[in-house]
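For reference, the structure discussed in these notes is given below.
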Amino acid sequence: MKTNTLSKEAETRLIDFFNHIIDPEDMAKILRQVNCILALGVTRQHETLQIGLLNFEDNYYWLNELAEILNPYLSED
């Protein structure tokens with residue numbers, strides 16, 4: 001896994017985004033909804049095709065990870 005650090009500008013912009021534009025819990029909910037819609041669309045369109053499936057699985061995983069960072073919904077009891 002590649003690890004990058006954010007620039008101070010990017011960090012400031014993200015903090016501003018989540019402090020003034022959208023609540024992290026709402027953003028996590030939106031990410032989960034979009035991820036589900038994308039997954040359903042891809043699986044319905046390409047049920048038998050394996051083209052790009054690994055890339056799709058990676059993207060699905062990372063969107064869910066981002067949602068968990070914003071709001072740890074899946075780790076709650």
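For this chain, numbers begin at 1 and follow the sequence in order.
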For the atom pair [atom1] ([X]) and [atom2] ([Y]), what is the distance rounded to the nearest 0.5 Å?
{"X": "Leu14", "Y": "Glu9", "atom1": "CG", "atom2": "CD", "result": "10.5 Å"}
{"X": "Leu31", "Y": "Ile69", "atom1": "CG", "atom2": "CD1", "result": "10.5 Å"}
{"X": "Asp58", "Y": "Leu63", "atom1": "CG", "atom2": "CG", "result": "11.5 Å"}
{"X": "Ile30", "Y": "Asp26", "atom1": "CD1", "atom2": "CG", "result": "6.0 Å"}

Test item: [X] and [Y] side chains (from C-beta on) under 4.5 Å apart, heavy atoms:
{"X": "Asn59", "Y": "Asn35", "value": "no"}
{"X": "Arg32", "Y": "Glu68", "value": "yes"}
{"X": "Leu38", "Y": "Tyr60", "value": "no"}

* Within the distance-only criterion (no hydrogens, no angle test), does the side chain of Asn19 pair as donor or acceptor with the backbone N or O of Ile15 below 3.5 angstrom? ->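 Between the backbone of Ile15 and the side chain of Asn19 there is a qualifying donor-acceptor contact (under 3.5 Å).
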* Joint cluster assignment, Ile21 & Val34, ILVMFWY side-chain distance < 4.5 Å ->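 Yes, one cluster joins them.
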* **Minimum heavy-atom distance Ala67-Ala28, with the two atoms named** =>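 What the structure gives for the nearest pair is O-CB, 3.4 Å.
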